[in-house]
Peer 1: 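Can you read through this structure? Questions will come right after.
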Amino acid sequence: MTPPLRTLLVAECRDGAIVPATWRALSMAHAIGASVDLLVLEPQSLADDIRGVARILTPSEAPPATALAQAAYIAHAMDAAEPAYSHLILPATAWGREILPRVAARLGAQPLSEICAVTDAHTFSRPIHAGNAIQTLTTDRWPILLSARPAAFAPFTPPDDAPPPSVATLAPPTEPADDPVRVVDFQPARGERPDLREAAVVACGGQGMASAGDFTLIEQLADALGGAVGATRAAVDSGLAPNDWQVGQTGKIVAPDLYIGVGVSGAIQHIAGIKDARCIVSINNDPGAPLHAVADYRLTMDLREAIPQWLALLAAR
Ligand code: FAD
């Protein structure tokens, strides 16, 4: 029997703020059609302007920033809820991927990860086989634990007259996790550019950039457009780009408004990471490059001529 629908969404917190992927997961939470509460594990990340949730739950003190400790708090929030939550949602970010299985183990539940669409309160879809097929899953085992693929959902926009949520304090778990891991320091690889997974523009270089010697041209293009830099696995493997720039099945999934693939052939494993981009531009000197076939705009040209010309046009604006 379907219990009353009630969703607990867990916010990802970083640097004293809630990570934007959380607001995309909130869109998925609303698609389920239940009332939504938000669990914010770091009280210092709370902001006054949070809307679109009925209630905010937060501990009086943040739990240790380790996966087991945070999972213990989330499982406790689920166990202590009265009435019970029917759904638990985390964003399918690196953080969410670490936490959700640990929560599932504590609750004895099977998580459904990387959800990209909601049909109803117990029917969900997710990509499989590197994004080449969509699997539809139905479950009636409550609670339903889900991770929301950020690229698949737009950030939630609350109505102008949405009331502020109430705030309740979450008591610590009676059995805190005995976590042997201690986080000593957290140093994200981050520069001036936007985060790849959240950028509106991604300029992505492939192995073809070897003809230009390095990634300088791609970095200049990204900076001129206020975007992030991505790379194919081949470009990473050949030392042209750092590992955390990799886009694709085994890299980052991106969903920018504009993706520009330069010297990128368009292998299936790369396409798996960019197929949610709203506009795809391909620059390649091979007219038969597979990326050309899926691109909205294709430029069959040597990148060593194309990028400087584009940069000159941008500079002249
Ligand atoms: P290439 O295929 O070598 O293409 C280079 C392109 O540059 C060519 O199309 C060429 O025409 C063009 N070019 C060359 N010189 C110029 C020039 N002067 N001007 C214009 N164009 C030029 N790949 C990923 O990207 N991400 C992943 O996450 C990923 N995961 C993988 C997982 C598995 C299990 C496997 C098996 C593979 C994975 N790959 C992944 C690798 C993938 O299969 C491809 O090998 C890779 O994406 C190819 O990268 P590329 O397009 O840069 O290189």
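When a ligand or atom number is given, it counts from 1 through the structure's own listing order.
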Peer 1: Are Arg193 and Glu219 ion-paired here, with the side-chain N under 4.0 Å from a carboxylate O?
Peer 2: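 Salt bridge between Arg193 and Glu219, a charged N being under 4.0 Å from a carboxylate O: yes.
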Peer 1: Look at the rings of Tyr259 and His270 and say which category their plane angle falls in: under 30° parallel, 30 to 60° tilted, over 60° perpendicular.
Peer 2: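 It falls in the tilted class, 30° to 60°.
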Peer 1: To check you understand the geometry: which heavy-atom pair defines the closest contact between Cys204 and Ala231, and what is its length?
Peer 2: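 Taking every non-hydrogen atom into account, SG-N, 3.4 Å.
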Peer 1: Name the residues with a heavy atom less than 4.0 Å from ligand 1?
Peer 2: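 Its neighbours under 4.0 Å (heavy atoms only) are Gly206, Gln207, Gly208, Ser211, Thr232, Arg233, Ala234, Gln246, Val247, Gly248, Gln249, Thr250, Gly251, Gly263, Val264, Ser265, Ala267, Gln269, His270, Asn284, Asn285, Asp286, Met301, Asp302, Leu303, Arg304, given by chain and number.
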Peer 1: Any side-chain hydrogen bond (donor to acceptor under 3.5 Å, both in side chains) involving residues 304-316? Give me the pairs, sequence neighbours left out, ordered by first then second residue.
Peer 2: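 Qualifying pairs: Asp302-Arg304.
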Peer 1: Are side-chain heavy atoms of Pro43 and Glu61 found at a separation under 4.5 Å?
Peer 2: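 A side-chain contact under 4.5 Å is absent here.
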Peer 1: Is Glu114 salt-bridged to Arg149, going by a charged N under 4.0 Å from an acidic O?
Peer 2: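 Looking at Arg149 together with Glu114, the answer is yes, because their closest N to O distance falls below 4.0 Å.
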